Participant: 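Below is one structure. I have some questions about it.
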Amino acid sequence: MKRNLPQLKRTSNHNFETESALALAEMIRASLEKHARISVALSGGSTPLPIYKLIGAMGLDWHRIDFFLVDERCVPSHSPDSNFGNIAKVLFNAIDAAAYPMVQEELSFEQCAVQYEQLIKEKVRMSKGFPCFDIVVLGMGLDGHTASLFPGSPALSNATDWVVLNPVQTQATDRITMTFPLLENAEKLVLLIKGEPKRRLLEDAHKLDLPISKLLAKLELILN
Ligand code: 6PG
């Protein structure tokens, strides 16, 4: 890895999930030593699920943690595409932490985004005018998207809202996502990526204008 990527943690191929889970658990413990209650925002996708499952068995002070989602598909929680549903299966259902879904089925998806901002306002401490999550866990796609901030999508340029409904042409769908101001304001921003193609893309990201490029200087990386 070249410049712009501080705090790079390389894990050996066969230990990526275990070492990532241990590092994330350590980050959570350190945050719990600093604050009576902490807020952690998790991304969906497939890479982090086995890591979340491992963390769920690590006996952390779950009752002092508020879990949020970084982004969500516009589907009900029981859908196989639901980030909240998939993370609940491997983590939330196994621990006694508060965990807040982005999608409320009785609301429109626009209202879900507004409601989530209200919830964040209530639960997450503020710093520099924006909510400050203790830990935010991100993934990245091979198009350089992170959260549901996809190339060419309108949410990329939103500098005021915290959570928005983002039409994603490349996916022919809408997503609910946290915006850059929120992600950039996190105490710890962790990117979990797996595999050579994503590693190569990340190495070049500082030369490219990708969504992930905006967060490089802030990232603490755990790669395999
Ligand atoms: C989502 C995620 C998204 C994910 C990347 C990588 O809703 O899919 O939040 O940003 O982190 O798409 O996904 P994989 O880990 O499945 O490659």
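Numbering of residues begins at 1 and proceeds along the displayed sequence. This one's a predicted model, so the numbers in the text were calculated from it and none came from an experiment. All ligand and atom numbering here is 1-based and tracks the order in the structure. Side chains are part of it too, since the values below use all heavy atoms of this structure and drop only hydrogens, waters and symmetry mates.
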Participant: Provide, to 0.1 Å, the distance between atom 13 (O) of ligand 1 and the closest protein heavy atom, together with that atom's residue and name.
Facilitator: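 In this structure, atom 13 (O) of ligand 1 has G45 CA, 3.9 Å as its nearest protein heavy atom.
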Participant: Going by the atom numbers of ligand 1, which of them fall below 4.0 Å from some non-hydrogen atom of N83?
Facilitator: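 Those of ligand 1 that fall under 4.0 Å from N83 are 1 (C), 7 (O).
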Participant: Whether the side chain of Q111 engages the backbone of S108 through a donor-acceptor N/O pair (distance < 3.5 Å, no angle test) should be reported.
Facilitator: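 Looks like yes, one N/O pair under 3.5 Å.
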Participant: Which residue supplies the protein heavy atom nearest to atom 2 (C) of ligand 1, what is that atom called, and how far is it?
Facilitator: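 Of every protein heavy atom, D71 OD2, 3.5 Å lies nearest to atom 2 (C) of ligand 1.
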Participant: Using a strict 4.0 Å cut-off to heavy atoms of A147, name the atoms of ligand 1 that fall inside it.
Facilitator: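 Listed by number with element, the hits are 3 (C), 9 (O), 10 (O).
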Participant: Kindly assign one of parallel, tilted or perpendicular to the pair F67 and W62, based on the angle between their ring planes and the thresholds 30° and 60°.
Facilitator: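 Judged by the thresholds at 30° and 60°, the geometry between F67 and W62 is tilted.
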Participant: Around atom 17 (O) of ligand 1, find the nearest protein heavy atom and jot down its residue, atom name and distance.
Facilitator: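 Sorting protein heavy atoms by distance from atom 17 (O) of ligand 1 puts K198 NZ, 2.7 Å first.
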Participant: Can you tell me if N86 uses its side chain to pair, donor with acceptor, with the backbone of P80 under 3.5 Å?
Facilitator: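 It does hold such a pair.
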Participant: If we ignore hydrogens and angles and just use 3.5 Å, is the side chain of R175 paired with the main-chain N or O of R73 as donor and acceptor?
Facilitator: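 No; judged by distance alone, with no hydrogens or angles, the pair does not exist.
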Participant: Compute both the distance and the angle, then confirm whether K214 meets the cation-pi test with F180: under 6.0 Å from the six-membered ring centre, within 45 degrees of the axis.
Facilitator: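 Satisfied, under 6.0 Å and within 45°.
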Participant: Suppose we measure from atom 15 (O) of ligand 1 to each protein heavy atom; which comes out shortest, and what is that distance?
Facilitator: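 I find the closest protein heavy atom is T47 OG1, 2.6 Å.
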Participant: Side chain or backbone of R175 under 4.0 Å from ligand 1, or both, or neither, by non-hydrogen atoms?
Facilitator: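 Under 4.0 Å from ligand 1, R175 contributes side-chain atoms alone.
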Participant: Considering all heavy atoms of both residues, which atom of L69 and which atom of Y116 are nearest to each other, and what is their separation?
Facilitator: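 What the structure gives for the nearest pair is N-OH, 2.8 Å.
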Participant: Closest non-hydrogen protein atom to atom 5 (C) of ligand 1, residue and atom name please, with distance?
Facilitator: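 The protein heavy atom lying closest is H145 NE2, 3.4 Å.
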Participant: Keeping S213 on the side-chain end and A205 on the backbone end, is there a donor-acceptor pair under 3.5 Å?
Facilitator: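 A pair under 3.5 Å: yes.
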Participant: If you count the atoms of ligand 1 from 1 in the order shown, which ones are under 4.0 Å from a heavy atom of G139?
Facilitator: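 Those qualifying, in numeric order: 11 (O).
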Participant: Among protein heavy atoms, which sits nearest to atom 6 (C) of ligand 1, and what does the distance come to when rounded to 0.1 Å?
Facilitator: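 Protein heavy atom with the smallest distance to atom 6 (C) of ligand 1: M140 O, 3.4 Å.
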Participant: Side chain or backbone, does R73 bring an N or O within less than 3.5 Å of an N or O on ligand 1?
Facilitator: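 Yes; the residue has a nitrogen or oxygen that sits under 3.5 Å from a nitrogen or oxygen of the ligand.
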Participant: Might you work through the side chain to side chain contact (heavy atoms under 4.5 Å, CB included) test for H63 and D61, ending with a clear yes or no?
Facilitator: CA-CA 6 Å; H63 62 289; D61 258 356; 3.7 Å; yes
